[in-house]
Structure formats: structure tokens, C-alpha cells
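Here is the structure we will look at, set down as C-alpha cells.
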Number of protein chains: 2
Amino acid sequence: MASLTLEDVAKQAGVSRSTVSRVLNDRPNVRKDVRERVQNVIKSTGFRPHAAARALASQRSWTIGLVLPLSVTLFFTDPYYSHLTKGIAQACNQYNYTLALFLVGTKEDEEKIFPRVSRKGLLDGVIVQSGHHGEQQIIGHLHDAKMPLVVAGRPFRSDNVSYIDIDNINAAFIAVTHLIRLGNKRIGTIAGPQHSTVGLDRKAGYVKALNERGFSIDESLIVEGDFTESGGYYAMKKLLSAKPDAVFAASDVMALGAMRAVRESGLSIPDDVAFVGFDDLPIATLSDVQLTTIRQPVAQFGAKAVDTLIDLVENGINPPRHIIMETELVIRESCGAPHGKK
Amino acid sequence: MASLTLEDVAKQAGVSRSTVSRVLNDRPNVRKDVRERVQNVIKSTGFRPHAAARALASQRSWTIGLVLPLSVTLFFTDPYYSHLTKGIAQACNQYNYTLALFLVGTKEDEEKIFPRVSRKGLLDGVIVQSGHHGEQQIIGHLHDAKMPLVVAGRPFRSDNVSYIDIDNINAAFIAVTHLIRLGNKRIGTIAGPQHSTVGLDRKAGYVKALNERGFSIDESLIVEGDFTESGGYYAMKKLLSAKPDAVFAASDVMALGAMRAVRESGLSIPDDVAFVGFDDLPIATLSDVQLTTIRQPVAQFGAKAVDTLIDLVENGINPPRHIIMETELVIRESCGAPHGKK
DNA sequence: ACGAAAACTGGGAGCGCTCTCAACGCGAGC
DNA sequence: GCTCGCGTTGAGAGCGCTCCCAGTTTTCGT
């Protein structure tokens, strides 16, 4: 298979390389009949340009990278990542970009991955999930290399960097305010890790809601989880001794774990303890008591990240784009609001 | 950034392009002191060869593709895929390969993805997850394009194709035999989709175990699920009317759904209905009643797939490799065996 | 019908590597 | 001391595409 080249196609169509290239890339200035003739040859031969050759000549690889943390358990237990990945993958597909996946687990992974993502000729741009340990470092790398970059989730140092996020503070505020309105007096929270902006912001929203309604902040009602199911479970065990009548969990997965702990202790949901989660992943509806939660548009979020990245690739990385997406409170059973079908 | 090239490095080190290339690729026939001199320049300049240029010249992209089905819900709900992906990604990283991810959802996705994976100059090889709808077609494509290919999970037509799998029949056989030994008389199964070899094989193992122990096959005790939690749930609702005293579910996720249905109906696990699942994903231990299940080595499975693929890339695709990995019965609470801590 | 402008087409020069091959020492063997 | 052979090095020719530019054809106004 002396693999077909542009040249061969050109010969068959009786035109030059350049013309075939123009047809291939949908460029103007090709006579209609010539274009069609070339297209026919392309179709009949099944010709597809050599990706590496094109990348070398055009200095565009049509590939974007996705860097995801894999902090031991997170990638497994939190379906959030699957959903995000799916949204990004589908968007890439739509734009005919290839998606390169980089899962960063160990320190050694980092060492191998970091140089690779900034390597010339491999990636046109990169999406980095914020909130993991080496975040700062990789963002710096990428920035130095002038590699177009979109961070999914606001990073710690967000100047000069494009990111896409939801308004975590406000969303959490709404969730907690909802619990207050329902008459709960001792509202606890299972917060996310406080080394991530998500964790910080959602807790800030919780605090803000309580303050605004004149509640004082009781530190014993705040427990930090790690976004895993068992993290939620153990956090709730701790929280239980503070006797909360409602809990705002910073993720659905943690909410599920927490609800398991509550059930085990013999209390009922939502009567004894009301719950609001965060994410609205499909699992939110699978539990015995369906979860009231904040819906964030995970798939669109991914698509928008790709959109933005491609924009950066094509139009330069300045000025940095900051995009905030909308969220929504979805009321189900676990909060005890009249809406619940129970 | 007039991006550094091989030529520049060569000049700085006072040698030729060729010599730098040799050093870069760890090839022999370079004098020790020269090699060191070049390595120093490489290190101090931070030079990294242009990926596309290298791919074009060497006809090797150092990238492999992973094609995953995304049949609506599956990729979300079944953590199996996350684990597999993780195993594959880490193996790629180890070998300094880049992983390109292709998530196939809709028919349109297929149309965009199928030509892309067989495209010259993009991928050195491909791993395809078996069991999805367009499986046959893409395997055919790839085979015609002589693209090195490893199928994860035995495909329907397995001649001429390398694949890696576990012995599903035997594993299911062991699971069901375990339930028989525990004294259960009416053992049902929630089978996987019968259009996939996994679904078929695990059911075959179930049938084989019953036959071997002199049980007759009661069709009302066999219900087909779709590997989702809710699929398991509804399958169990159906199965309940056949009054099984034990159930072998073809996946952990389905087992979880089924157990939810059993609990809802007021029966207890394992006393009224015993359970054995399949996969041994972390979720197996998260339920109130920990799941007895078949452990399959998902991460190693992925690593082995990458291993095999690279072997095919380097040593030719013939003869096709067929690799079967070991599984293990993990006894926990849900089967009611004395081992359970309940 | 004629010239200028616009539209189209082809050739050539890369893009930054790898790889073959010829040339060049240099020590060993006779 | 001379040749042979081996390890080492560099030059050159691509890999298959894009893109610029110059040349050619077509179009259009007058």
C-alpha cells in the first residue's frame, strides 16, 4: 500500500497539488467543475491527507489536550469527570479535532505529562481541569510556552488565564437559602477540599447565605469532605454529633455517602435531616430518596470549553476569556420541600 | 519564539543534525564525549523535537487511539469504563505514547470518527472496546487499513483480530456454582445485553453451572439488563415474580440496581435473595450490603492492551494475539456465605 | 474588441525531523 | 608501514503537506 498522497490525487484529477489542497481545505478560488472533479477523485480513492504532514506544514495539529487529575480515587468515584470528558470529546468531534487525554495521577505522571503537553507540533491547545495538586505548575508551564489554554473551573491565580466556571458561591448560596426557607435551623455543610476553588467557593456561598439570614456560623456544622462517596459518609458521621437538621453537600456523590450515614444512624431523610447536593448527575435520582441539588450544565460546560479554546487557538490568547455558566436549583425529595413526591 | 530546531541544537553543540538526532533517539555510534556535549545543549536549551515533524519523517506518531462506545447511558453509569480508561492512559504515559480518545455516541459520531481513526499519520494503533453497536464495522475498517488493533473484550468475529479478554464463561460459572454450593435452589440471572459477547458469555456460564449441577433452566429466572443501574432495577422487578432465592448479575452496577429493587419489595439481602455481581469495582463495597462479586483486573487489563498494541505496532500485526486474563471470586456479604461479616 | 482586473492554477520552497550512504579517521593485524 | 575494517560523523534526500508567488486564463467595462 504505497499510501496515496496529494500528488497522486492531483495526477488522477489532472490538476496540481495546490489545487487539490485548496479543495481539501475548502478554500475559494477553484473553478466549480475542477472542484467537483477533484472531489470525485478524493471520494473514489478514499484519500485522506496525512495528519502529520499537514500538521508539520500548517503548524496546526488539530488536536487538543485534556489534562485531568486523578487524585487516587476521584476520577473513579465522581462521575462528574466522565460527563465532562464526554462533553469535551463530543465537541472535539464536532469540530473535527482530535482529543488527547492526559490523566495525571502520580508525581511521575506529571513529570512525563507536563513536558509533553507543551511540546511543539503535538497540541494546538489544552484544557486543564482545575482543582488538583499540580494545577499551578502546569498552568505556568503552558503559559510560558504560549500554549492556548482553558482552565475548567476557576484556578487559584486566574489573571492572564482563560477559564470557564460556574458561579459556585451564588449556587451554594441559593441551595442553602432554600434550606433556610424550608425552616431548617441547624444547617450543616459537607464542604469540598479547601485547597480547591470549588471547595472554597461553595463553602463561601454557604456562609454567605447563613450570614445574610442572620444565622451565626457554627464551626461544628462544617466538615470537609474529599468529593468521594466514602468521604461524604465519614464527614456525615462526624457531622451527626452536631445534630444538624439539614445538610448542604458540595457534591452529589458526597451527599449520597452522607445520606447512607444518616440512614445507618436510624434517622430519616428528609424528615430528620434534609439534603441538598451539588452537580445533578444522573446518580442524584437513583437513590431511594431522590436528591435535591444544584444542576450544573456539565456537558455544555465541556463544549463551551472546547469552543473557547478553539477561539484562542485561532484568534490569539489575549485577552483571557472568563466564562461563567448558569446553574439551577432542582427540587426533589431530599430537601423536604412540598415538591417532593413522597 | 523562533522555535528551536534540531539544526539549532546541532550548531550550538558543534555537530550535525544527524548526530543530534542519534543522541535524541538513544541510538548507538556516537562518541561518549560528543553524546554528553549534545545532551548538555539539549538540556540547557530545553529542546524538544517537533512532534509532527518527527511523525512525518519516521512514519510513527507515538499516539494510540482508544475508541469507546457511549451508548447513551453506559459511559456515565458504568465506572468500568473510567477504570479501563485510566489503566490505558497510565500505560500510555509510561511508554511515552499519547492517548487519543474517541467517544462514539451517535451515528454521526461514528461517521466522523471512523475515518479519523484509520487516518494516516495520526495514530500508530487503536484499542477498540467491544460490545457496542458499530463494533463490527470499525474493526473491519481498521483491519482493511492494516492499522494495528487490539479489541478490549472478545469481538464477535475474532479471527484475524487481536483481542484481550477475561474468561467470562468460566467466571460466571464459578459465581453461580458458588451460589449453588450455598444451597440456593432458584438462582436467577440478570444477564447483559445479548448482542454483546460479554452478555452472551456470562449467561452461558450461568447456564453451564446450572446444567452441571443438574438444575433445569427456567427461562423466567433469566432477565436481560443493559448494564445500567436502572436496567438492573427493572430487571429485578421482573425477576421478583419468579421468586428467586439468589441472583447472579452480570455487572456490579446492575447488581446494585437489583438490590435496590429487592430492598424496596421488603425482602432482605442475602437472607431472602443472595447476590453475586461481576467486576469488583469500588462501588461494590459501598452499598449497605457489600457485594460478593467476580473481580476482574480492569487496570491491568488496560495496561496489557497497550502492551499488546505496541507489540503489534513494532512487530507487525500477525499472527493475531489472543490474551485471556485471570479473574477471581471475591466473597463479601451479599451472597450469604459465612465469610460475610453481617 | 481590447485592455485591465479579477479569478484561477501550478511550481517551488519550505515545515523539522529521520535515515541512508558515503567519507573520514584510527587502531589493529600482517 | 600499509592495508583493512570498524566506529563515527555529516551531507542529502526525502516524509506529504501548505502557502506564497508568479503565470495563465477568464471576466468585464467601455
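Chain letters run A, B, ... following the sequence lines, proteins first, then strands; residues in each count from 1. Keep in mind it's a predicted model, so treat the numbers as computed, not measured. Heavy atoms only: backbone and side chains are in, while hydrogens, waters and symmetry mates are out.
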Taking the side chain as C-beta and beyond, is there a heavy-atom pair between Q12(B) and V9(B) under 4.5 Å?
-> no
Determine the contact category for S18(B): base if any of its heavy atoms lies under 4.0 Å from a base atom, sugar-phosphate if only primed atoms, P, OP1 or OP2 are that close, otherwise nothing.
-> base
May I ask you to say what R27(B) touches in the nucleic acid, namely base, sugar-phosphate or nothing, with a heavy-atom cut-off under 4.0 Å?
-> sugar-phosphate
Nearest-Å distance, CZ (R37(A)) to P (dC8(C))?
-> 14 Å
So, is N29(B) near the phosphate of dT9(D), with a side-chain N or O under 4.0 Å from OP1 or OP2?
-> no
Phosphate OP1/OP2 of dT9(D) contacted by R31(B) side-chain N/O (<4.0 Å) | yes
For R54(A) and R17(B), take the nucleotide of DNA chain D holding the closest heavy atom to each; which residue's nucleotide lies nearer the 5' end?
-> R17(B)
Taking only the side-chain nitrogens and oxygens of S58(B), find out if one of them lies under 4.0 Å from OP1 or OP2 of dC17(C).
-> no
Are a donor atom and an acceptor atom from the side chains of H83(B) and Q296(B) found within less than 3.5 Å of each other?
-> no
Between dC17(C) and R60(B), is there an OP1 or OP2 to side-chain N/O distance shorter than 4.0 Å?
-> no
Could you give the NE2-to-C1' distance, from H50(B) to dG14(C), as a whole number of Å?
-> 13 Å
Which nucleotide, dC17(D), dT9(C), dG16(C), lies nearest any side-chain atom of T5(A)?
-> dC17(D)
On the 0 to 90° scale, with breaks at 30° and 60°, tag the W62(A)-Y97(A) ring pair as parallel, tilted or perpendicular.
-> tilted
Looking at T19(B), does any N or O in its side chain come under 4.0 Å of the phosphate oxygens OP1/OP2 on dG10(D)?
-> yes
Among dT18(C), dC15(C), dT9(D), the one nearest any side-chain atom of R22(B) is dT9(D)
How about R54(A) and N25(A): does a side-chain donor come under 3.5 Å of a side-chain acceptor?
-> yes
For atom NZ of K32(B) and atom P of dG7(D), their distance in whole Å | 18 Å
Given side chains that start at C-beta, do those of F301(B) and L84(B) come closer than 4.5 Å, heavy atoms only?
-> yes
Option passing side-chain contact (heavy atoms from CB on, under 4.5 Å) with F47(B) (candidates L24(B), V38(B), D8(B), V41(B)) = L24(B)
Closest-nucleotide 5' rank along DNA chain D - winner of A57(B) and S21(A) | A57(B)
How close or far is atom P of dG16(D) from atom CG of L122(B), stated in whole angstroms?
-> 15 Å
Whole-Å gap separating P (dC17(C)) and CG (L56(B)) = 12 Å
Could you state the CG-C1' distance from L4(A) to dC15(D), rounded to the nearest angstrom?
-> 15 Å
Using a cut-off of less than 4.0 Å, is there contact between a side-chain N or O of Q59(A) and OP1 or OP2 of dG16(C)?
-> yes
Take atom NZ of K11(B) and atom P of dT9(D), then tell me their distance rounded to the nearest Å.
-> 19 Å
Looking only at dG16(D), dT18(C), dG10(C), the nucleotide nearest the V15(A) side chain is dG10(C)
Between dC17(D), dT9(D), dG16(D), which nucleotide gets closest to the side-chain atoms of V30(B)?
-> dT9(D)
S16(A) side-chain N/O to dG10(C) phosphate OP1/OP2 under 4.0 Å | yes
Calculate the interatomic distance between K120(B) atom NZ and dC15(D) atom P; express it in whole Å.
-> 13 Å
